[in-house]
Novice: 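Can you read through this structure? Questions will come right after.
On a predicted model such as this, the values are computed, not experimentally measured, just so you know.
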Amino acid sequence: MEGSGYEASRVSQFLMRCLFTMFAEDVDLIPENCFTELLVSLQGDTGNFPDMVRTLWETMDKGGFSPILRAKLRRFNGGLFEDCEALPLNDAQLELLVEAGKADWREVEPAIFGTLLERALDPVERHKLGAHYTPRAYVERLVMPTIIDPLRDEWDAVRTAAITLATRGDADEAIETVRDFHAKLCETRILDPACGSGNFLYVALEHMKRLEGEVLNTLRELGYRQTELLTVDPHQFLGIEVNPRAAAIADLVLWIGYLQWHIRTRDLSQIAEPIIRKFHNIECRDAVLAWDAVEPVLDDNGEPVTRWDGRTTKPHPVTGEEVPDDSARIPVLKYINPRKADWPEANYIVGNPPFIGGWKLRQARGDGYTKALWETYSAVPNKTDYVMYWWQRAADAVTEGKAHQFGFITTNSIRQGFNRKVVSANIGVGHCLAIHFAVPDHPWVDAFDGSDVRIAMTVAGKADATQPGTLSTLIPDRTDTHRTRGDDFTIQRGTIQADLTIGANLDAAVSLKANEGISYAGVKLHGSGFLLHPGEGVNFSDETDVIKKYVNGRDISQTSRNLSFIDLFGM
């Protein structure tokens, strides 16, 4: 469809409406198989497709009798059907849509569906489709200690108190105690300030619905029958996402997940209209930086200054390797009145912010954005990874009492150098925060080129001397030299330091003056520009003095790369 001249954003919105309608017919929110049968009836008559499908969606938006389906439909409303455009299809495209409609969308897994749909609809990311897959269990490993465990601890205390009251004969007070907790649960707000297609928010929603089920069961056991429609729903799950396509998908993922749970546990008649509500809970904007305006930078001749767009590549004419395409250029921008972006208040903050190394920030976001970010977050070292600006912003929210706790996925280099300075500036003696849970090194998403991505998980909140931190270390399950997996962990409890260890606080160590001038780091490579692969040579008159064998620890302990390097030290 994009090849026919339609913008990717229009195609993605159209396909999301199609997929939701397929889901709706499979869960009986609209007559069973009605949409798929409509598509089948239009085979060979594609000219009428746009008008008929648009008319159907207009009826789903407002509710009422559908002349297309000859049935009365509920009011769906919500942003998904705000624009009811149905794009023209040819016979082959309609056949693909019919094939998709015949699948069963009832039990689609939102935590996977969102990521796959996002990449399928993004022309740049499409080549990675299916290769970037984050197992749900990995998402849960952060969501549980960040959000669900503290809520469950609170619920356990409330349930114990209610049972005690009921045993004493104070049934009404016991019921009121549980109802108060339920009301609080239904207003607990979760924020993912880098929500992507909504995976973390959906997993949090599902686990909070499970907890709500336990609460409602306890109320029934105490003799109370709920009549009000108070429930955990998508309005509590807030997201910030800079990619408009991903932001729209996140909203869809939350509603599909919520409706799946509702249909499994309640009668269809109990779903209030409009079935989808527009809560404006997913915001499309930058999460760490706000500004008044963006202006192009001009050179001395008044012409716009441009740079490589940071993502477009082309094959090198000699090596065939992908290299930057210098013809793909975008303007260099300056940001007027940059400042920290506002975050909506939430009880818990969780997410997986973008992994961009500090040294790549200019390349990825441009000089203007990087300069504005550095000026705005003066307390964060300039060479810090991009993800750490989210970490600092969340730490500020907890320190200021605007959130109870936060948990983030970061690069595992959070334990090193400039990244660790951000952590150590917020925890320990003289600070009110502590790390309550951490996984220092964990596999994440396999990149499409087969390399491993290693991450760390950190959960931080107000320091509490009665609550020791939990350090969870993965026990490796090695299937080959380059992949480490496993689901077993060793657990340590105690004060977690900024380097994600339990023990001495090495950041508090100071240099011994007696060691000044008696040690030297030696010669070491910074970057790979002087490395030579097997078969590569350099035309020197005497290579023996400058071409030397190069090994690192992995070359010795695993498989040697047989590298050499050019050593011009002292020349």
Side-chain angles (χ1 to χ4, degrees), residues 142 146 191-194 196 240-242 285-291 307 310 333-335 338-343 349-400 403 406-428 430-435 437-442 444-445 453-461 496-501 505-509 526-527:
L142 183 68
T146 305
L191 170 65
D192 183 345
I240 303 174
E241 173 54 44
V242 72
R285 60 179 172 88
D286 194 289
V288 291
L289 197 64
W291 54 84
R307 69 175 181 90
L333 305 172
K334 59 181 177 181
Y335 292 72
R339 57 194 179 275
K340 293 180 180 179
D342 291 330
W343 286 6
I349 301 170
V350 69
N352 179 21
F355 293 175
I356 301 177
W359 62 281
K360 284 186 175 180
L361 196 53
R362 284 184 183 275
Q363 174 181 308
R365 299 307 307 269
D367 289 348
Y369 183 93
T370 302
K371 181 180 178 182
L373 188 71
W374 288 352
E375 291 175 351
T376 302
Y377 290 84
S378 56
V380 177
N382 288 354
K383 294 183 180 180
T384 297
D385 290 349
Y386 195 32
V387 63
M388 299 308 297
Y389 292 91
W390 274 261
W391 209 98
Q392 180 62 59
R393 187 70 181 77
D396 291 340
V398 175
T399 300
E400 295 164 6
F406 71 90
F408 281 138
I409 303 293
T410 67
T411 50
N412 62 359
S413 59
I414 188 176
R415 301 171 291 167
Q416 303 168 3
F418 294 99
N419 294 332
R420 193 170 77 236
K421 290 180 180 179
V422 176
V423 180
S424 60
N426 287 281
I427 68 170
H431 303 286
C432 66
L433 298 188
I435 297 176
F437 174 86
V439 180
D441 186 49
H442 191 289
W444 196 240
V445 179
V453 176
R454 312 296 299 183
I455 57 94
M457 300 182 184
T458 49
V459 177
I496 300 177
Q497 308 295 351
D499 60 354
L500 305 191
T501 63
N505 181 8
L506 299 183
D507 284 338
H526 291 273

Novice: Is D385 reaching over with its side chain to a backbone N or O of G358, donor-acceptor style, under 3.5 angstrom?
Specialist: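 Yes: the side chain of D385 pairs with the backbone of G358.
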
Novice: Looking at CG of L289 and CD of E375, how far apart are the two atoms once the value is rounded to the nearest 0.5 Å?
Specialist: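 Rounded to the nearest 0.5 Å, the CG-CD separation comes out at 10.0 Å.
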
Novice: Within the side chain of N419, is there an N or O that forms a donor-acceptor pair under 3.5 Å with the backbone of S413?
Specialist: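 Indeed, once roles are kept as given, a pair shorter than 3.5 Å links the two residues.
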
Novice: Any side-chain heavy-atom pair from D286 and W291 closer than 4.5 angstrom?
Specialist: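 They are in side-chain contact.
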
Novice: Report the C-alpha distance between Y377 and T384 in whole Å, list the side-chain angles of each, state the deciding distance to 0.1 Å, and finish with yes or no for side chain to side chain contact (heavy atoms under 4.5 Å, CB included).
Specialist: CA-CA 11 Å; Y377 290 84; T384 297; over 6 Å; no

Novice: Using modelled atom types and a 3.5 Å cut-off, is there a donor and acceptor pairing between side-chain atoms of T370 and backbone atoms of D367?
Specialist: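 No; judged by distance alone, with no hydrogens or angles, the pair does not exist.
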
Novice: Measure the spacing between CG of L333 and CZ of R307 and express it to the nearest 0.5 Å.
Specialist: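 Result: 8.0 Å between the selected atoms.
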
Novice: Could you walk me through whether D396 and K340 pass the side chain to side chain contact (heavy atoms under 4.5 Å, CB included) check?
Specialist: CA-CA 11 Å; D396 291 340; K340 293 180 180 179; 3.6 Å; yes

Novice: How many angstroms lie between NZ in K371 and CG in N382, if you round to the nearest 0.5 Å?
Specialist: 12.0 Å

Novice: Side chains of V422 and P381: does their closest heavy-atom pair fall under 4.5 Å?
Specialist: yes

Novice: Quick check: closest heavy atoms across F406 and A394, and the distance to 0.1 Å?
Specialist: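 Scanning both residues, the minimum pair turns out to be CG-CB, 3.5 Å.
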
Novice: Please tell me if the side chains of V398 and N426 come closer than 4.5 Å, counting only heavy atoms from C-beta onward.
Specialist: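 No, every pair of side-chain atoms sits at 4.5 Å or beyond.
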
Novice: Testing the basics here: between F408 and V350, what is the closest heavy-atom pair and its distance to 0.1 Å?
Specialist: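 Closest heavy-atom pair between F408 and V350: CE2-C, 4.0 Å.
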
Novice: Going from NE2 on H442 to CG on N412, what distance comes out if it is rounded to the nearest 0.5 angstrom?
Specialist: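 If I round to the nearest 0.5 Å, the distance is 12.0 Å.
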
Novice: Does any non-hydrogen side-chain atom of F355 lie less than 4.5 Å from one of I455?
Specialist: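 With C-beta onward as the side chain, the pair touches.
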
Novice: If you take all heavy atoms of D441 and R454, which pair is closest and at what distance?
Specialist: OD2-NH2, 3.1 Å

Novice: Using side chain to side chain contact (heavy atoms under 4.5 Å, CB included), reason through K360 and Y386 one step at a time and then give a plain yes or no.
Specialist: CA-CA 9 Å; K360 284 186 175 180; Y386 195 32; over 6 Å; no

Novice: Considering only NZ, NE, NH1 and NH2 on the basic side and carboxylate oxygens on the acidic side, decide whether R415 and D499 come within less than 4.0 Å.
Specialist: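 Salt bridge flag = no for D499 with R415.
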
Novice: As a quick check of understanding, evaluate side chain to side chain contact (heavy atoms under 4.5 Å, CB included) for M388 and T411, giving each step before the final call.
Specialist: CA-CA 9 Å; M388 299 308 297; T411 50; over 6 Å; no

Novice: Do you know which two heavy atoms are closest between A194 and P354, and how far apart they sit?
Specialist: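 Here A194 and P354 meet closest at CB-CD, 4.3 Å.
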
Novice: Less than 4.5 Å apart, side chain to side chain, heavy atoms only: is that true for L142 and N352?
Specialist: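 With C-beta onward as the side chain, the pair stays apart.
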
Novice: For the residue pair I349 and W343, establish whether any side-chain heavy-atom pair is separated by less than 4.5 Å.
Specialist: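 I349 reaches W343 side chain to side chain.
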
Novice: Do you know the tightest heavy-atom contact between I414 and A456?
Specialist: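 Heavy-atom minimum between the residues: CG2-CB, 3.8 Å.
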
Novice: Is a donor on one side and an acceptor on the other found under 3.5 Å between the side chain of W390 and the backbone of V288?
Specialist: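 Pair absent, no side-chain N/O of W390 close to backbone of V288.
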
Novice: Rounded to the nearest 0.5 Å, what separates atom CH2 in W391 from atom CD1 in I409?
Specialist: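 It is 14.0 Å, given to the nearest 0.5 Å.
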
Novice: Salt-bridged, R420 to D507, with N to O below 4.0 Å?
Specialist: yes

Novice: Identify the two heavy atoms, one from A498 and one from I427, that lie closest to each other, and give their separation to 0.1 Å.
Specialist: N-CD1, 3.8 Å

